[in-house]
Amino acid sequence: MKKLSLIMIIMIFVTLNASDFGKVVDIFEDYIKDYKRADSRLPEVVKVKEELRNLAVYRLYKIQMVGSLEKRELSLTTSDFMTKLYDVYAPEDLQKRIAFSAFLAYLASELSGHRTTLSSIMKLPAFSKSFDLYRQLVRKKFYNLFIHDVAYLLGIVETPYIEGLQGKKVADLDMGGVPLPEVRSLSFEDPLGFINSDFLKLMVQRAKELKERISQREIEPRRILAELRRVSLSLINERTGQMQNEIANQLVSVIPKRINLWWIKWFIYAGLIVLVVKKRKLYRILIPSMLTFEGVYILVFMDPFFSRLDAYIYGVSVLPVFIFSVLLFLPRIFKEFDWVHSILIATIFVVLLGFFVPLYDGAVELRMDAFPTFHDSVYYGMLKEDVFLGDVAQVKRDMVSLRSTVAKEVNQTRGVVRKTEKFFNDLIEEGAVKSVRKIGTTYRLLLPTFSEFYDTINAQNYRNRFASFANFLSSFNVESRSRLKEVRRTYAKLEDAFSKIIRYGDEKFRTDLWNYVDRNLRKQAYTASYGKMLMEEMEELRNVEPEPAKIRVFQIRHGIIMLLGLMVGTSFLVILKSRMSVIFYVVSLMAALWSMFTWEHLRIFVQFGIPLLEVKVSEGYVWFFPVMVMIVSIFTIVTSLLLRRRLTV
């Protein structure tokens, strides 16, 4: 039987003589290719695409309901969102699971505008989870086997299971009859190829190190067994860690390389500026040409939501310079005010307006119920967690605060009643009250004909007693007023948060929110009345049609370009007094026209690291802002070019 088992193990390890990650890499490549197709066919990819859309919906409504500020100790990242998909949709097959986790790491990098690297794959929690599962499987199957074979290398047993270790003993130890763990499983299909020649060398090396430790000090047999266990575990951990790194490297090597050379233009601009400084005669040619090219690039090619370098450069330069130009321009109005200045004031007003007014308001396609798969998404639960279920959710915090304050008020009031009871008991004991009778529903105090308590010689005593009780009641009254103010304030906050949330939720979301709040307020009898009052006040709001999400100007590519063009143009006009500002007013004008002609096709930016939400709308476009952009742009262009008047401010 032993010989048969040995033959089986030898046959197994002959097939596992080298690392075999080929199938994982092939599956990974298939995932990427299928993802890039418009009509994806692989079930995992189809589901991921659907969930990425739901992810955008989740973050859109999270921002609408409770704002963009993360109240967690650690903000959620794209990696966290991708790992959520792994937890729910990871395939059962080990190789597919590893490939799927790497595919999610690839998506996390793509959505964040970064290149997928070894580090980005290794750091994704989903990838670590997939290899942890493999590590556990190897431990289950190989742990005792490696203990046995390291024991062979130390001369403790006569025969190894792994044929490649035969004849490589490094010592001749004796464990004094202490038995080794039994190797029960002799069949383990390892698709990744755990055992290879390098691993066998590692086993021999660890056996030599263990021999040295044992030879340096006397170790009892049972301690040797503990050392064998430790070495076996470290071999598994080290090898699986090495395999994790190797397979991540192979996966990175097959990812299609994105070629984006637009970043080179910034170095070209820098070189041209240096050339202009040295040869000022080139100023009239190079600077307008450079600005014109940049204007065309912004209008046609720039993606402000995924081009990190462009977003960073414009973010740290344009807005601060625009603010500086506004501060520089405002004092001049008081010296001289004409229609040229009025155009600039209008431009500044439109820019400021762009940060607050919605560009889409009332599009029914942006209502929560317009996304039917969202409620079955893994991200629907995350939305509820952010909005009312989680410990950091404002609704839950307000309810906890309300229950806590109400409970404190109730307990303090009960304390007053108990104090009052004790006060009357003390009066009875001191003879101030003879007895208490109940007549009908009324309690009557029967006072004695004579009691030393009422003797004026005892006046100081009863005055002190009544004063102490009065002070206690007064103190309670002050504290109670303060607590009730806090209750009203907390209830008002809860009411405000609840009304803001429920107006955007669809029927299912409203029902979930409604039930949660009602259930939690009824947990405490004395907050049930507040729950009933809140439900009655919100009943009308609950039954109205849900409001669509509002889309701001800076959430749309053309909206960003409109604002960018106006800010750069205004800065050139105020600081440099240059007609080259017209280039960027033209950019704003064209962006506004483009927006007006393509307004039905929405690509909404929610936040960095989240896919754009693509929606076709039939209504809700707010024409006011692009029309205002067109008006101020046209007036500035006409004034500068057609009338041949240099704008000076």
Side-chain angles (χ1 to χ4, degrees), residues 66 71 388 390-501 516-539 541:
V66 296
K71 297 179 181 179
F388 60 87
D391 291 336
V392 297
Q394 189 63 50
V395 168
K396 183 171 183 178
R397 291 168 64 189
D398 288 341
M399 285 196 298
V400 170
S401 177
L402 182 65
R403 290 203 307 265
S404 174
T405 309
V406 168
K408 189 173 183 179
E409 174 67 14
V410 170
N411 290 334
Q412 291 291 333
T413 306
R414 285 176 171 170
V416 171
V417 173
R418 293 190 184 97
K419 185 80 172 180
T420 304
E421 178 188 31
K422 184 178 184 305
F423 177 76
F424 277 103
N425 285 334
D426 290 343
L427 291 179
I428 293 173
E429 288 181 4
E430 294 187 26
V433 177
K434 184 176 182 181
S435 63
V436 179
R437 289 184 182 178
K438 183 178 181 182
I439 303 175
T441 59
T442 304
Y443 287 89
R444 295 286 179 87
L445 300 180
L446 298 180
L447 304 183
T449 304
F450 171 80
S451 173
E452 292 181 356
F453 180 85
Y454 296 104
D455 196 322
T456 53
I457 296 176
N458 192 45
Q460 187 64 39
N461 175 48
Y462 60 66
R463 279 203 307 269
N464 289 340
R465 178 173 293 282
F466 290 138
S468 175
F469 188 62
N471 289 336
F472 169 75
L473 292 177
S474 177
S475 176
F476 165 76
N477 188 47
V478 171
E479 292 177 3
S480 178
R481 286 173 185 245
S482 176
R483 280 192 296 270
L484 292 178
K485 284 183 181 179
E486 179 62 26
V487 167
R488 287 191 290 269
R489 186 162 51 244
T490 303
Y491 177 80
K493 285 173 60 182
L494 175 61
E495 185 181 27
D496 182 64
F498 193 90
S499 63
K500 184 178 179 181
I501 292 167
Y516 174 78
V517 173
D518 185 50
R519 184 172 62 251
N520 274 269
L521 288 179
R522 288 180 186 274
K523 278 184 178 181
Q524 184 177 311
Y526 292 101
T527 57
S529 57
Y530 290 99
K532 181 180 179 182
M533 182 167 59
L534 182 65
M535 298 299 107
E536 290 174 352
E537 291 174 354
M538 295 295 139
E539 184 66 37
L541 193 58

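Residues: numbered from 1 along the sequence shown.
With hydrogens and angles ignored, the 3.5 Å screen pairs a side-chain donor or acceptor of T527 with a backbone N or O of L521. Proximity of a side-chain donor or acceptor of T420 to a complementary backbone N or O of V416 within less than 3.5 Å is detected.
Using modelled atom types, one finds a donor on one side chain and an acceptor on the other under 3.5 Å when comparing N461 with N458. A donor-acceptor pair shorter than 3.5 Å can be found between the side chains of Q460 and N464.
Under the 30°/60° scheme for interplanar angles, the aromatic rings of F466 and F453 are found to stand perpendicular.
Heavy atoms of other residues, nucleotides or ligands lying less than 6.0 angstrom from CG of N411 number more than 12.
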As a quick check of understanding, evaluate side chain to side chain contact (heavy atoms under 4.5 Å, CB included) for R465 and D426, giving each step before the final call. CA-CA 10 Å; R465 178 173 293 282; D426 290 343; 3.6 Å; yes

Can F424 and V436 be said to form a side chain to side chain contact (heavy atoms under 4.5 Å, CB included), step by step? CA-CA 10 Å; F424 277 103; V436 179; over 6 Å; no

Set out, in order, the CA-CA distance, both residues' side-chain angles and the distance that settles side chain to side chain contact (heavy atoms under 4.5 Å, CB included) for V406 and V410, then state yes or no. CA-CA 6 Å; V406 168; V410 170; 4.2 Å; yes

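Taking OG1 of T413 as the start and CZ of R418 as the end, the distance is 10.5 Å to the nearest 0.5 Å. S468 OG to R463 CZ: the interatomic distance, rounded to the nearest 0.5 Å, is 14.5 Å. Taken from CD1 in I428 to CG in L445, the straight-line distance is 7.5 Å, to the nearest 0.5 Å. Rounding to the nearest 0.5 angstrom, the gap separating the OH atom in Y462 from the OG1 atom in T456 is 6.5 Å. A distance of 4.5 Å separates OH in Y516 from NZ in K396, rounded to the nearest 0.5 Å. Atom CD1 of residue I457 and atom CD of residue E452 lie 9.0 Å apart, to the nearest 0.5 angstrom.
Taking 4.5 Å as the limit, some side-chain heavy atom of V433 sits within range of a side-chain heavy atom of L447. Looking at Q394 and V66, their side chains never come closer than 4.5 Å, going by heavy atoms from C-beta outward.
Smallest separation of non-hydrogen atoms from G431 and S451: O-OG, 2.8 Å. What you find for F472 and G415 is that their closest heavy atoms are CZ-O, 4.4 Å.
A salt bridge (Lys or Arg N to Asp or Glu O under 4.0 Å) with E409 holds for exactly one of R481, R414, R403, R483; it is R483.
Legend: residues meeting salt bridge (Lys or Arg N to Asp or Glu O under 4.0 Å) with K485, ordered by chain and number and at least two apart, are absent.
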Using atom types as modelled, flag every donor-acceptor pair under 3.5 Å from a side chain in residues 490-500 to any protein atom, sequence neighbours excluded.
{"residue": "T490", "atom": "OG1", "partner": "E486", "partner atom": "O", "Å": "2.8"}
{"residue": "T490", "atom": "OG1", "partner": "E486", "partner atom": "OE2", "Å": "3.3"}
{"residue": "Y491", "atom": "OH", "partner": "L534", "partner atom": "N", "Å": "3.3"}
{"residue": "Y491", "atom": "OH", "partner": "E537", "partner atom": "OE1", "Å": "3.0"}
{"residue": "S499", "atom": "OG", "partner": "E495", "partner atom": "O", "Å": "3.1"}
{"residue": "S499", "atom": "OG", "partner": "D496", "partner atom": "O", "Å": "2.8"}

